[in-house]
Amino acid sequence: MANNKPVLYSYWRSSCSWRVRIALNLKEIPYDIKPVSLIKGGGEQHCNEYREVNPMEQVPSLCIDGHTLIESLSIMHYLEETRPQRPLMPQDCFKRAKVREICEVIASGIQPLQNLIVLIYVGEEKKKEWAQHWITRGFRAVEKLLSSCAGKYCVGDEITLADCCLVPQVFNARRFHVDLRPFPIILRIDRELENHPAFRAAHPSAQPDCPPEVAK
Ligand SMILES: O=C(O)/C=C\C(=O)CC(=O)CC(=O)O
């Protein structure tokens with residue numbers, strides 16, 4: 001019998017894969033993971049077979065409903081539109097705009113600048129300072145936006161796609177030793193969500209491809 005479970009091409013430490021894992025978990029959609037190592041042999045994402053799946057040669061990609069989808073925000077909106085249970089977007093149009101705004105700032109304005117391919121290009125010597133610079137700059141904007149729209153979570157008191165983007169970006173900030181003290185709202189929301197079961201199950205350390213020495 002055909003296996004109709006969605007398949008997520010994912011890498012344990014990829015923040016973009018992590019966003020989608022959180023959304024799938026929050027919506028309680030069962031899925032299988034196909035790990036794609038971004039480092040093994042120069043990166044499995046660049047092999048011919050995977051390029052057929054994702055011409056951007058990045059993770060995540062999601063096979064679902066007979067389709068192959070790429071780009072984490074696009075995937076999360078597809079999940080939201082096809083599986084409205086446990087909504088991750090508010091009803092109110094202004095709040096929806098705020099959710100998209102925070103998602104965009106992170107997914108377009110921060111993460112791509114500190115992505116693996118960019119850091120390789122920037123070089124070993126400069127990469128830490130580079131990542132810190134762009135994450136700090138973006139987090140200044142996120143903190144300012146949150147000061148007017150956050151409740152318990154990024155936008156009001158319900159978990160939204162903005163939270164799915166924020167938590168993995170905070171992990172990356174810590175990874176590059178960004179000083180997070182100027183961002184108390186970001187830190188509060190991250191703390192609020194760190195023990196949520198859907199977020200815990202999506203964490204890099206809980207992934208099948210997490211190296212055993214990192215997984216607890
Ligand atoms: O284990 C590694 O060092 C390789 C890749 C990553 O971390 C993932 C990224 O490129 C960063 C990100 O998703 O933001």
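Counting starts at 1 for both ligands and their atoms, following the listed order.
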Between Q58 and ligand 1, find which residue part has any heavy-atom pair under 4.0 Å and reply side chain, backbone, both or neither.
->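 Near ligand 1, Q58 shows nothing, with every heavy atom at 4.0 Å or more.
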If we ignore hydrogens and angles and just use 3.5 Å, is the side chain of [X] paired with the main-chain N or O of [Y] as donor and acceptor?
X    : Y    : value
E143 : R140 : no
H196 : A198 : yes
S148 : L145 : yes

Check whether any N or O atom of L38, backbone or side chain, sits under 3.5 Å from an N or O atom of ligand 1, and answer yes or no.
-> no
When only distance counts, is S15 in polar contact with ligand 1, meaning an N/O pair under 3.5 Å?
->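 S15 vs ligand 1: N/O contact under 3.5 Å present.
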Excluding sequence neighbours, so at least two apart, what forms ring pair (Phe, Tyr, Trp, His ring centres under 6.0 Å) with F171?
->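 For F171, the residues satisfying ring pair (Phe, Tyr, Trp, His ring centres under 6.0 Å) (neighbours in sequence not counted) are W18, H203.
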Any idea which atoms of ligand 1 are less than 4.0 Å away from a heavy-atom of S14?
->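 Checking each atom against S14, I get 8 (C), 13 (O).
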Considering the heavy atoms of L116, write down every atom of ligand 1 situated less than 4.0 Å from one of them.
-> 4 (C), 5 (C), 10 (O)
So, R51 and N48: side-chain donor and acceptor under 3.5 Å apart, yes or no?
-> yes
Among side-chain atoms of Q132 and T136, is any donor-acceptor pair under 3.5 angstrom?
-> no
How far apart are the C-alpha atoms of Y50 and E44, what are their side-chain angles, what is the distance that settles it, and do they pass the side-chain contact (heavy atoms from CB on, under 4.5 Å) test?
-> CA-CA 7 Å; Y50 187 70; E44 293 174 344; over 6 Å; no
Tell me: protein heavy atom nearest atom 5 (C) of ligand 1, and distance?
->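 Atom 5 (C) of ligand 1 sits closest to the protein heavy atom Y11 CE2, 3.6 Å.
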Please state which protein non-hydrogen atom is closest to atom 12 (C) of ligand 1 and give its distance, to 0.1 Å?
-> Q111 NE2, 3.2 Å
What do you reckon, does R175 put a non-hydrogen atom under 4.0 Å from ligand 1?
->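 The answer is yes, since R175 has a heavy atom less than 4.0 Å from ligand 1.
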Select the closest option to atom 10 (O) of ligand 1 among N172, V118, N115, judged by heavy-atom distance.
->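 Nearest option to atom 10 (O) of ligand 1, by heavy atoms: N115.
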